[in-house]
Number of protein chains: 2
Amino acid sequence: MASDHTRSAILAAAERLYADRGFGDVTLRDIVAEAGVNLAAVNYHFGSKDELIAELFVTRSIATNRERLRQLKDAEEQGGGRAPIEAILRALVGPPLRGCLGPENQRSTAARFMIRASIESVPPIRRIKNREIDHLRKFAGAMRRSLPDRSDVDIYWGLNFALAMAHHTIRESERLTKLSEGKCDLDDVEDVVARVVSVATMALTAGNAETKAPARALARDAR
Amino acid sequence: MASDHTRSAILAAAERLYADRGFGDVTLRDIVAEAGVNLAAVNYHFGSKDELIAELFVTRSIATNRERLRQLKDAEEQGGGRAPIEAILRALVGPPLRGCLGPENQRSTAARFMIRASIESVPPIRRIKNREIDHLRKFAGAMRRSLPDRSDVDIYWGLNFALAMAHHTIRESERLTKLSEGKCDLDDVEDVVARVVSVATMALTAGNAETKAPARALARDAR
DNA sequence: GATAGTTTCATACAAGTGTTTGAATTGCAA
DNA sequence: TTGCAATTCAAACACTTGTATGAAACTATC
């Protein structure tokens, strides 16, 4: 291949435009105009618009997932096969949080693109996300080894809640800032990571190992 | 007005189709075909496609919000102006969870529509969601009264995490079921509510009131 | 320098979109 | 019944979308 000048120009322009304006109203014509290439180049190099989007998303998400697994491996080796639950959770939520939060004006295009991807959820991206389960299973396994007394159900719920807090905070960071009138500092990423890890750890370790749902006894608003 | 037969037929058909197939690939022509009315009727009765979607979403979400506030009011009156934090959280996350989860085969069209709305997030819906902040402020206020020693920042983070767990569980209920191989029972809605409330309560009450992020000392994966 | 393969380009295509129009129909009141 | 407004309808409009085509330009190999 002579040079991927055109190909990478398209990728860069597409990522920038999607990051700025969302998937909804960016057309192939916008992209090729921004990239300074011909309209037909997209289909020539990528096959279709969806495959272009998929390639963008795959590139970014395998980077995140690789970093997650690296940190998980580190933590498990350091603990002799049994990492502390905090370290596992930090490996799970740290990379996406660090990748997407931080001072807005110095947020990378890639970061802004991933935020869009987590908000808008177009078909090609959803297809890829569905294949993420195997990746999550590795974390579930590590968590089980870390907390052998905990039931599988509790492990999965803990995993679910950890991801929930991380992703929701990314998706709704703007709203949280507005709601709290700036009191919640989303730019202090390490503080956010620590908060999420802390709560998720409590979720996974509180109460007796066999207690399914500690607060259940308090439920009284029947319906 | 003679009868809003046409109008309500459009609303019902649109909600059903959006619930089944998502906003992405349902056209006005699909809707009017399903409703058995003329294409122009949509613009005649609603002005535009976006206004139709907005009306659907507003109708459903004011129902949820009204129920939330009703339960909040009940809880505060019962506690003499200071509701227990669990009751406040239950009023916050209970209605949307009960509205969207539960056995799939007996899930209402409205429920499935709201799930779609929380997954796909089209422009008219996003606009409405942005106006939800005032509503959330009422809960922040109640939480502050319930936990007067807690800092505002902690209150907002607790609120954020509670919503995170509820919404993410709704959005990704299918994935959690698959990941856990059915071990997590999403149909037992009251158990889900209890779990979310329990974890959110811990997030809001654990540690000293002045501790910003208890797990922070454990952070060591510098990055 | 001719040739074969790759890449770029202008242009057209086919299909689908939400919206508008203006005439027909309906329903109700005088 | 007549008149009038509200509603319904078929049809067209105006436009955008992603994709396909076939010729032109380029690049490297022999």
From CA spacing to verdict: salt bridge (charged side-chain N to carboxylate O under 4.0 Å, His left out), A/R16, A/D20: CA-CA 6 Å; A/R16 187 165 49 244; A/D20 286 346; 5.9 Å; no

Between [X] ([atom1]) and [N] ([atom2]), how many Å, whole number?
X	N	atom1	atom2	answer
A/N43	D/dG18	CG	C1'	7 Å
B/H5	C/dG27	NE2	P	12 Å
B/D25	C/dG18	CG	P	11 Å
B/Y44	C/dA23	OH	P	17 Å
B/L39	C/dT20	CG	P	12 Å
A/L28	D/dT16	CG	C1'	12 Å
B/D4	D/dA6	CG	C1'	13 Å

Ring-ring centroid check A/Y156 A/F139, cutoff 6.0 Å: no

First of A/D30 and A/G47 reached from the 5' end of DNA chain D, by closest nucleotide: A/D30

Sugar-phosphate only, base, or nothing, as touched by B/A41 at under 4.0 Å among non-hydrogen atoms: nothing

Verdict with supporting geometry, A/E15 and A/R112, salt bridge (charged side-chain N to carboxylate O under 4.0 Å, His left out): CA-CA 9 Å; A/E15 186 167 46; A/R112 282 156 42 236; over 6 Å; no

Heavy-atom pair of closest approach, residues A/R90 and A/P95: O-CD, 3.7 Å

Nearest heavy atoms of B/C100 and B/I170, plus distance in Å: CB-CG2, 3.8 Å

Lys/Arg N to Asp/Glu carboxylate O, B/K138 vs B/E76, below 4.0 Å: no

5′-ward residue of the pair A/R29/A/G36 relative to DNA chain C: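 The residue whose closest nucleotide sits nearer the 5' end is A/G36.
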
Is any side-chain nitrogen or oxygen of [X] closer than 4.0 Å to OP1 or OP2 of [N]?
X	N	value
B/N38	D/dA10	yes
A/H45	C/dT8	yes
A/T6	C/dT8	yes

Working for salt bridge (charged side-chain N to carboxylate O under 4.0 Å, His left out), residues B/E132 and B/K129: CA-CA 5 Å; B/E132 221 189 12; B/K129 275 191 183 151; over 6 Å; no

Aromatic plane relationship, A/F23 with A/F113 - under 30° parallel, 30 to 60° tilted, over 60° perpendicular: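 Perpendicular, since the angle between the ring planes exceeds 60°.
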
Strand-adjacent residues in residues 119-130 of chain A, judged by heavy atoms under 4.0 Å from DNA chain D: none

Nucleic acid contacts - residues 48-58 of chain B versus DNA chain D, non-hydrogen atoms under 4.0 Å: none

